[in-house]
Number of protein chains: 2
Amino acid sequence: MSDVPPVAPRNGLPPRSRNNDVIERIKTYILDKQLRPGDLLPTENELIAAIGASRTSIREAIKSLSALDIVEVRHGHGSYVGRMSMNALVESLAFRGLLSTGTDGKVMTDLVNIRQMLEQGLSPLMIETLNDVELANLRELAVRMRRLAMEGQPYVEEDRAFHIRLMNAIGNDLVTQLTEAFWQVQARVAPTLKVEEADWLRTAEAHEAIVDAIGAKDVDSLREAFATHYDPIRRTIAALFADQTPGSAE
Amino acid sequence: MSDVPPVAPRNGLPPRSRNNDVIERIKTYILDKQLRPGDLLPTENELIAAIGASRTSIREAIKSLSALDIVEVRHGHGSYVGRMSMNALVESLAFRGLLSTGTDGKVMTDLVNIRQMLEQGLSPLMIETLNDVELANLRELAVRMRRLAMEGQPYVEEDRAFHIRLMNAIGNDLVTQLTEAFWQVQARVAPTLKVEEADWLRTAEAHEAIVDAIGAKDVDSLREAFATHYDPIRRTIAALFADQTPGSAE
DNA sequence: GTATATTTGTACGTATGTATC
DNA sequence: GGATACATACGTACAAATATA
């Protein structure tokens with residue numbers, strides 16, 4: 001320790017924000033030390049001594065950083081450098097989506113549209129990079145979805161896995177995580193959105209169409225398949241918010 | 001007040017996390033009351049009385065929510081419902097980008113690629129929705145960029161405004177905010193990335209090409225223009241992070 | 001298995017900074 | 001300026017979780 005820069009004397013000078021000060025100092029500590037996610041951070045007492053702030057301030061700063069997944073705190077263990085996941089985005093967006101339930105619900109339709117646009121935008125890359133093995137995996141998922149749909153059962157996890165795998169093949173970690181995040185937001189705001197029986201089947205078939213289009217290396221029909229895929233979801237979400245359902249048991 | 005649900009008796013039961021408890025309670029308070037961004041929240045003392053937690057717990061919970069921009073605290077004023085901006089995403093991603101500086105820097109290249117893919121994916125919509133007035137504004141920005149480039153000056157703000165306006169025309173608020181967020185991350189991690197003189201001019205011309213393609217309603221050349229636009233940025237960022245390996249030419 | 005040390009979590013009291021009237 | 005109602009910061013004490021001996 002003693003590598004955390006102490007708070008500048010600041011003799012009665014503009015107090016500014018003690019908290020932001022501490023946050024900034026912890027951040028620069030991590031950067032200067034070139035720490036990696038999972039690495040151990042100084043204990044609260046060490047930070048108190050090094051930074052020269054009270055325990056309260058240190059803890060509140062860590063709370064902020066923890067919310068952003070920049071640090072991860074384990075009770076009785078210590079604090080570690082966080083994974084910097086998309087968790088903060090999920091929390092923020094999900095709450096925003098829930099809040100918009102009472103009003104327009106535009107956030108969620110915007111979200112679905114982004115998902116579609118992202119996948120349409122990545123269509124050429126998908127065709128270029130997806131190999132036969134991955135394509136076979138995707139097809140297996142799509143077939144399983146159709147089977148479940150015909151049995152009248154939902155297939156949440158398969159759907160999620162399909163889109164994650166699709167993005168994963170691109171090799172852009174950020175876009176995979178974004179996709180995952182958007183999915184989680186959608187799942188949290190519209191949990192098990194009550195899809196019509198017919199839509200389950202339609203969506204399952206849309207997934208097969210996606211696989212087909214990639215296999216045929218046909219960009220246009222792939223883009224079309226994505227649009228078809230998101231159509232029922234868009235409709236369901238629109239209905240969900242137009243309904244203004246009061247029952248929020250859970 | 002007294003509308004904030006008090007902490008359940010929880011008679012000696014697993015205390016779980018007091019903090020998450022408080023966080024959840026504040027969230028449900030906002031949702032139940034159907035509050036909108038900017039609305040006033042109960043004071044700390046009121047929350048203490050209503051929830052039955054200590055000031056410390058309340059404050060730490062608010063700190064977390066504040067980091068996610070779910071609540072906004074104004075010193076001496078009170079706490080308000082936050083704007084739920086993309087601020088949390090920016091903070092988290094920016095720090096992640098900074099951390100990756102020492103290693104691969106892949107986060108930033110992924111980020112630039114996402115920006116390109118998003119705009120390429122939205123190309124058809126842009127052509128469809130952008131009217132002459134907005135197109136004229138964009139052209140004005142592009143021309144100003146080229147002028148500045150020829151004078152050897154950078155044009156950070158014009159570039160940002162260009163892309164925000166472009167997305168804004170789509171009508172998808174989320175995608176606009178995502179674009180803005182990505183921009184901010186890029187600006188913070190690679191501040192005024194030292195672009196070559198030639199690249200400034202090339203990028204400015206790429207913006208003009210984008211405007212031209214939209215005006216001509218030519219989707220393919222619009223997508224091509226976006227690729228051309230991001231090429232120098234990709235190269236610059238790659239160079240920025242690969243300063244250890246001077247062997248990689250172009 | 002128990003005890004103990006370490007570390008984070010919660011609580012409370014008090015003083016100070018900040019904005020409104 | 002004064003009074004009031006806030007959030008902010010500090011210090012201390014104790015509880016809870018975890019690891020180690």
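All figures in this text were calculated on a predicted structure; none of them were measured in a lab. Per chain, numbering begins at 1; letters A, B, ... match sequence-line order.
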- Task: Any pair with a residue in residues 158-188 of chain B that passes ring pair (Phe, Tyr, Trp, His ring centres under 6.0 Å), sequence neighbours left out, goes on the list, sorted by first then second residue, please.
- Result: F162(B)-H207(B), H163(B)-H207(B), H163(B)-H229(B)
- Query: Taking only residues two or more places apart in sequence or in another chain, which ones pass salt bridge (charged side-chain N to carboxylate O under 4.0 Å, His left out) with R83(B)?
  - Reply: E72(B)
- Task: Select from H77(A) and S57(B) the residue whose nearest nucleotide in DNA chain C is closer to the 5' end of that strand.
- Result: H77(A)
- Query: Who pairs with R74(A) by salt bridge (charged side-chain N to carboxylate O under 4.0 Å, His left out), at least two apart in sequence or on another chain?
  - Reply: none
- Among dT8(D), dG11(D), dT10(C), the nucleotide that comes nearest once only the side chain of E60(B) is considered: dT10(C)
- Which residue pairs satisfy the ring pair (Phe, Tyr, Trp, His ring centres under 6.0 Å) criterion with at least one member in residues 46-96 of chain B, sequence neighbours excluded? none
- Message: Restricting to side chain to side chain donor-acceptor pair (under 3.5 Å), what partner residues turn up for Q116(A), sequence neighbours left out?
- Response: R234(A)
- Atom-pair distance (CD1 on I48(B); P on dA7(D)), nearest Å: 9 Å
- L47(A) CG to dT7(C) P, in whole Å, measures 12 Å
- Note on the structure: H75(A) has its side chain closest, among dT8(C), dC10(D), dA7(D), to dT8(C)
- Message: Can you measure E44(B) atom CD to dA5(D) atom C1' for me and round it to whole angstrom units?
- Response: 12 Å
- Query: Nearest-Å distance, CG (L40(A)) to P (dT8(C))?
  - Reply: 8 Å
Every protein N/O within reach of nucleotides 2-6 of chain C N/O, cut-off under 3.5 Å:
none

- Task: Could you tell me, to 10°, how much the axis swings from one end of the helix from dT2(C)-dA21(D) to dC21(C)-dG2(D) to the other, five pairs per end?
- Result: 10°
- Message: Can you measure K63(B) atom NZ to dT10(C) atom C1' for me and round it to whole angstrom units?
- Response: 18 Å
- State which residues pass salt bridge (charged side-chain N to carboxylate O under 4.0 Å, His left out) with D110(B); sequence neighbours excluded, sorted by chain then number. K106(B)
- Task: Considering just the side-chain nitrogens and oxygens of R59(A), establish if one lies under 4.0 Å of OP1 or OP2 belonging to dG9(C).
- Result: yes
- For salt bridge (charged side-chain N to carboxylate O under 4.0 Å, His left out), just list the numbers for R188(B) and E91(B), CA-CA rounded to whole Å, side-chain angles, deciding distance to a tenth of an Å, and then say yes or no. CA-CA 10 Å; R188(B) 195 177 307 182; E91(B) 290 294 329; 3.1 Å; yes
- Rounding to a whole Å, what distance do you find between I62(B):CD1 and dC6(D):P? 13 Å
- Query: R55(B): what forms a salt bridge (charged side-chain N to carboxylate O under 4.0 Å, His left out) with it, not counting sequence neighbours?
  - Reply: E44(B)
- Item | Residue pairs fulfilling side-chain hydrogen bond (donor to acceptor under 3.5 Å, both in side chains) with at least one residue in residues 167-177 of chain B, sequence neighbours excluded | R96(A)-Q177(B)
- Query: Can you check whether N45(A) has a side-chain N or O nearer than 4.0 Å to OP1 or OP2 of dT7(C)?
  - Reply: no
- Side-chain donor/acceptor contact of R55(A) with base of dG9(C) under 3.5 Å: yes
Under 3.5 Å, side-chain donor or acceptor atoms of residues 61-70 of chain A against the rest of the protein: list the pairs with distances, not counting sequence neighbours.
unit_1: S64(A); atom_1: OG; unit_2: E60(A); atom_2: O; d: 3.4
unit_1: D69(A); atom_1: OD2; unit_2: S85(A); atom_2: N; d: 3.1
unit_1: D69(A); atom_1: OD2; unit_2: S85(A); atom_2: OG; d: 2.7

- For residues 67-74 of chain B, which residues have at least one heavy atom under 4.0 Å from DNA chain D? V73(B), R74(B)
